[in-house]
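All values reported here derive from a predicted model rather than from experimental measurement. Convention: sequence-line order gives letters A, B, ...; per-chain numbering from 1.
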There are 2 protein chains.
Amino acid sequence: MTVADVARAAGVSKATAARVLGGYGTVSDRVRAAVLSAAKALDYRPNELARSMTTGRSGTIGVVVGDIENPFFSSAVRGIADVARLAGFNVILTNSGEEIAAEKAAVKTLVAKRVDGLIVSPARDSDIEHLRDIERSGRPLVLLDRAVESLRVDAVTADDFQACEAVTRLLIDEGHRRIVYLTACDTPGHRFETLDDLYTGSVRARVAGFLKAGAEAGIEAMGGFVKLGALGAERTRAQARDLFEAALPPTAIIASDSLIALEVFRLARELGLQLPRDLSLVCFHDADWTSVTSPPVTVIRQPVYRIGETAARLLIGRLKGEGNAPAHVVLDTTLIARGSVGPAPAEGRSGARETRLRHPV
Amino acid sequence: MTVADVARAAGVSKATAARVLGGYGTVSDRVRAAVLSAAKALDYRPNELARSMTTGRSGTIGVVVGDIENPFFSSAVRGIADVARLAGFNVILTNSGEEIAAEKAAVKTLVAKRVDGLIVSPARDSDIEHLRDIERSGRPLVLLDRAVESLRVDAVTADDFQACEAVTRLLIDEGHRRIVYLTACDTPGHRFETLDDLYTGSVRARVAGFLKAGAEAGIEAMGGFVKLGALGAERTRAQARDLFEAALPPTAIIASDSLIALEVFRLARELGLQLPRDLSLVCFHDADWTSVTSPPVTVIRQPVYRIGETAARLLIGRLKGEGNAPAHVVLDTTLIARGSVGPAPAEGRSGARETRLRHPV
DNA sequence: TTCCTCAATGAGACCGGTCTCTTTCAGATT
DNA sequence: AATCTGAAAGAGACCGGTCTCATTGAGGAA
């Protein structure tokens with residue numbers, strides 16, 4: 001059933017029927033009624049594709065995130081979806097699995113599908129030609145959670161630097177000296193050397209804060225405590241096990257996301273470690289479970305839903321023609337102190353602890 | 001940059017250029033090379049919209065779920081997305097917020113956008129005209145997690161009846177007699193009367209199992225223990241509070257999803273209830289946090305990711321022309337016994353317990 | 001040599017909308 | 001009465017692909 005069919009049934013021209021059905025131009029009430037009833041009788045449904053093709057607008061925004069299963073992203077996506085729906089936009093969601101190749105493919109298809117704009121949480125900020133391509137195609141782009149300095153586009157992130165600096169300082173004040181920052185981010189050599197190795201904007205900001213707090217407290221080789229590659233439950237577990245079994249295990253761990261924190265928590269419990277006596281744990285992202293464990297986990301609450309909302313608002317603003325300079329919106333975080341952080345154990349006890357570790361329950 | 005532009009630059013006809021770019025028909029190697037290099041030079045990007053319009057296929061599947069933030073759905077969506085990507089399909093995701101109006105609107109737009117097929121987790125199975133519309137439009141539909149008897153379409157669910165019957169029986173065997181099934185599903189009167197009141201397929205199956213186990217054990221008025229309307233944290237909390245403050249509070253609660261279980265767990269702890277001594281708790285869905293609480297929560301593990309995968313496979317099979325009769329795939333669940341279930345408290349102790357409840361910590 | 005086949009290419013219709021450009025004509029203006 | 005104005009409707013181009021059908025010519029069969 002097309003406009004032409006309806007027009008024929010209503011005894012008017014295709015152009016007139018299109019005016020009624022498309023809601024533009026001027027039509028007399030009599031004709032309008034005739035067309036509408038013909039449309040109803042024929043069960044006419046507009047073809048959004050054809051409409052998009054001529055108008056150039058699809059009413060759709062494309063979203064590329066690392067992992068929908070990560071509650072961080074699902075919450076952000078929910079924020080995006082809610083704002084989009086209210087503004088009359090649809091969302092095409094794609095999952096990159098944090099793989100740059102998948103991300104590139106996703107961006108390519110979304111542009112080919114002529115989405116009106118994109119929200120991307122880039123897997124790495126060194127490889128961004130495909131993001132530049134978006135700009136070239138004339139579509140607005142908003143970065144989600146991860147800023148990329150060299151791109152002049154809108155970005156919405158949490159204040160990762162400040163948050164991580166503050167929480168590191170907190171741990172230092174509690175007497176911790178061996179504090180590990182554990183992230184899914186990775187380098188070819190799987191070792192952290194310099195900040196530039198970190199290809200994820202948010203992680204780089206956090207590690208910068210981490211290093212700064214460490215340097216100010218005079219802790220040497222803080223960089224050696226940045227541990228990479230905790231992507232997926234298995235690898236996270238392996239990383240955590242390595243940490244716990246080291247000659248000098250960390251007394252505190254900052255987990256870069258709630259999935260990592262969960263695995264660390266789980267393994268620590270399995271190994272018989274008591275929080276916070278044997279290990280202090282902090283988690284980036286106030287995932288729902290962090291408040292119900294024993295002890296509950298100290299978290300940095302990021303306004304995730306709002307990050308998504310803000311990104312969507314920014315994008316839709318651009319689509320409506322707002323021509324402001326690109327903005328990097330930084331949202332404040334809240335440190336929520338719970339029971340998983342305590343004073344560092346006295347060094348003398350570490351021997352006993354290691355024994356227990358070698359014979360896990 | 002269009003096919004015509006590339007054709008002109010390469011000195012061939014539009015049809016030939018289209019053949020090269022679209023990968024169909026036969027073209028000589030010499031011409032192919034010329035067209036491809038012209039396309040590269042002009043930075044040609046195909047317009048998927050135009051392609052879809054003529055072919056009638058969009059390479060996109062539409063997904064409508066109740067709530068992306070619910071880990072149950074994000075996991076299922078991940079399954080769908082992974083299978084879709086491998087098969088070369090995109091996913092348009094929409095969130096109904098469990099509201100039938102939003103669901104209808106979503107279906108309408110997806111059909112208008114000419115998605116090739118849909119995967120829907122219907123908010124209620126009484127109001128399904130819009131689902132019938134999908135069939136009428138000639139697109140395959142697969143129901144996710146919630147079957148609708150009156151629709152002759154594919155559906156993928158867990159074995160909810162069996163699972164709930166088994167877990168109810170387990171609780172009964174532990175001596176529980178006041179067992180509450182708490183769900184987000186609701187009725188106009190907010191009270192459970194008959195199975196037909198429940199408009200969500202999965203919940204109805206579970207409650208049927210719940211009632212059967214109760215009836216077999218000779219428990220009267222099992223229907224009175226079905227509690228509705230636990231949608232969102234606040235309402236769940238309110239419902240749970242009502243339960244705990246009743247003259248005869250339940251000794252066991254079966255939570256219909258992990259969000260509900262989390263709120264119940266949280267409130268129970270706040271009120272000073274000890275699990276499983278004062279309350280046994282079972283949760284539908286093996287959410288990640290359920291294994292790290294103290295005690296960990298007994299769950300019914302549903303193969304959620306596989307439910308999503310299977311739904312996507314079924315849909316893509318139909319798109320590829322498989323004409324089998326509609327199948328209702330029922331996947332097995334696993335009861336994972338953890339520490340949150342224990343024997344029912346002796347009735348004599350209930351007085352003491354009520355006192356504690358009236359003066360919560 | 002003549003006829004046939006088939007690969008390679010071109011011309012142009014088509015998908016289902018939007019939108020510009022015209023034409024028509026009722027009512028207001030002078 | 002003649003002219004002007006603008007609302008209402010129609011005709012047809014256009015968006016950017018796909019695809020059918022027609023045309024050409026090289027190589028094989030008879």
Run the side-chain donor-acceptor check on residues 319-328 of chain B: report pairs under 3.5 Å with partners two or more places apart or on a different chain.
unit_1	atom_1	unit_2	atom_2	d
His328(B)	NE2	Thr157(B)	OG1	3.0

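Taking the charged nitrogens against the carboxylate oxygens, Asp125(B) and Arg204(B) do have a contact shorter than 4.0 Å, which makes a salt bridge.
Counting heavy atoms from C-beta on, the side chains of Leu315(A) and Ile61(A) come closer than 4.5 Å. The shortest distance between side-chain heavy atoms of Val77(A) and Leu93(A) falls below 4.5 Å. At least one side-chain heavy atom of Ile92(B) sits less than 4.5 Å from a side-chain heavy atom of Leu110(B).
Arg139(B) and Ser137(B) are linked by a side-chain donor-acceptor pair at a separation below 3.5 angstrom, with hydrogens and angles left out of the test. There is no side-chain donor-acceptor pair under 3.5 Å between Lys14(B) and Thr2(B). Between Asp127(B) and Tyr199(B), the side chains place no donor N or O within less than 3.5 Å of an acceptor N or O (distance only, hydrogens not considered).
For Glu69(B), the side-chain contact (heavy atoms from CB on, under 4.5 Å) partners two or more places apart in sequence, or in a different chain, are Ser75(A), Arg78(A), Asp67(B).
Between the CE atom of Met1(A) and the P atom of dG16(C) there is a distance of 10 Å, given to the nearest Å. In this structure, CZ of Arg114(B) is placed 19 Å from P of dT18(D), rounded to the nearest angstrom.
Residue Tyr24(A) places none of its side-chain N or O atoms closer than 4.0 Å to OP1 or OP2 of dC19(C).
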Item to check | Protein-to-nucleotide contact annotation, 5' to 3' order, nucleotides 8-13 of chain C [B base; S sugar-phosphate only; - none; under 4.0 Å, heavy atom] | outcome: BBBBBB

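A heavy atom lying under 4.0 Å from DNA chain D marks the following residues of residues 37-55 of chain A, by number: Met53(A), Thr54(A).
Bending across the helix from dT1(C)-dA30(D) to dT30(C)-dA1(D), expressed as the angle between its end axes from five pairs apiece, amounts to 50° (10° rounding).
Counting only residues at least two apart or in different chains, salt bridge (Lys or Arg N to Asp or Glu O under 4.0 Å) contacts with residues 51-65 of chain B comprise Glu48(B)-Arg51(B).
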